[in-house]
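What follows is one structure encoded as structure tokens, with my remarks underneath.
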Number of protein chains: 2
Amino acid sequence: MKLQKFNIADAKLVKSPGQGADIYVGNLVDERHGGPITIGYGRYAPNQTLTETMAVDDVMIVLQGHLVVSTSDGTVTAGPGEIVYMPKGTAVTITTEGETALTAYVTYPHWAALHED
Amino acid sequence: MKLQKFNIADAKLVKSPGQGADIYVGNLVDERHGGPITIGYGRYAPNQTLTETMAVDDVMIVLQGHLVVSTSDGTVTAGPGEIVYMPKGTAVTITTEGETALTAYVTYPHWAALHED
């Protein structure tokens with residue numbers, strides 16, 4: 001594989017699988033490309049909620065807006081330039097408040113392959 | 001491991017190993033924590049150059065400023081919100097121009113362990 005540069009305009013955002021909220025994800029690098037990690041962008045509409053148990057290690061970097069992320073240990077709010085690390089097995093609830101949030105994400109291993117059944 | 005949130009103020013930035021430029025990196029999650037990936041922040045002073053062959057898969061998310069990244073295939077310039085993916089084995093030259101650049105990075109596997117000899 002070669003070096004690649006991505007912008008959010010490069011991502012084909014589709015509804016995050018397995019839930020109905022207005023939350024969209026777009027992989028730019030994943031299991032189709034032969035490397036070990038998935039890279040993409042996410043967009044969260046205002047006032048959305050997603051509850052998930054992480055099937056992979058997932059790192060979100062907030063680019064715009066804020067995400068409120070809750071686990072049984074408490075709640076964090078992440079804004080632009082902040083990183084949220086959700087290790088595999090973590091049960092999280094991610095919510096947005098009155099603004100859209102944009103994220104970049106990196107997962108190990110590939111999350112999308114786990115949804116292909 | 002539990003969910004964690006990081007800000008650049010959480011990172012202890014140290015000079016990037018193996019080179020003399022004013023380029024600093026600070027791991028927040030790495031081989032000390034038992035997971036598969038390293039997460040950190042980087043700070044590049046203006047007018048710096050770093051040449052490296054990637055020992056791991058490395059994803060940089062530009063948070064501030066711009067990075068110019070060259071390989072034998074060409075040159076890309078990445079600004080805020082853009083992602084540069086440098087697969088393992090890629091030979092890169094990273095430069096900054098007249099402004100400081102800040103990045104978040106994620107690597108698989110852990111890069112720092114490779115420098116511990």
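A note on names: the letters A, B, ... follow the listed sequences, proteins ahead of strands, and every chain is numbered from 1.
Residues A:L50 and A:Y105 fall into different hydrophobic clusters, defined by Ile, Leu, Val, Met, Phe, Trp and Tyr side chains chained together at heavy-atom separations under 4.5 Å. Transitive grouping of hydrophobic side chains (ILVMFWY, heavy atoms separated by less than 4.5 Å) brings B:Y85 and B:L102 into a common cluster. Taking hydrophobic clusters as Ile, Leu, Val, Met, Phe, Trp and Tyr residues chained together by side-chain heavy-atom distances below 4.5 Å, A:V76 does not share a cluster with B:L28. Two different hydrophobic clusters hold A:L63 and A:L67 under the rule that ILVMFWY side chains link at heavy-atom gaps under 4.5 Å.
Distance check: A:I61 CD1 to B:M60 CE gives 12.5 Å after rounding to the nearest 0.5 Å. Within the model, atoms CG of A:L3 and CE of B:M86 stand 7.0 Å from one another, a figure rounded to the nearest 0.5 Å. If you take CE on B:M1 and CG on A:D57, they are separated by 6.0 Å, rounding to the nearest 0.5 Å.
Using a 4.5 Å cut-off between non-hydrogen atoms, the part of residues 37-47 of chain A that approaches chain B consists of A:I37, A:I39, A:G40, A:Y41.
Both the backbone and the side chain of A:V84 come within contact range of chain B, each with at least one heavy atom under 4.5 Å from a heavy atom of that chain.
In this structure, A:K5 contributes its side chain and B:T77 its backbone to a donor-acceptor pair below 3.5 Å.
Contact annotation: the side chain of B:N7 never approaches that of A:I83 to less than 4.5 Å [non-hydrogen atoms, C-beta and beyond].
Ranked by non-hydrogen atom pairs under 4.5 Å with chain A, the options B:G35, B:P36, B:A104, B:P109 are led by B:P36. For the set B:V59, B:T71, B:T90, the count of heavy-atom pairs under 4.5 angstrom toward chain A peaks at B:V59. Counting heavy-atom pairs under 4.5 Å between each of A:P87, A:G79, A:G89 and chain B puts A:P87 at the top.
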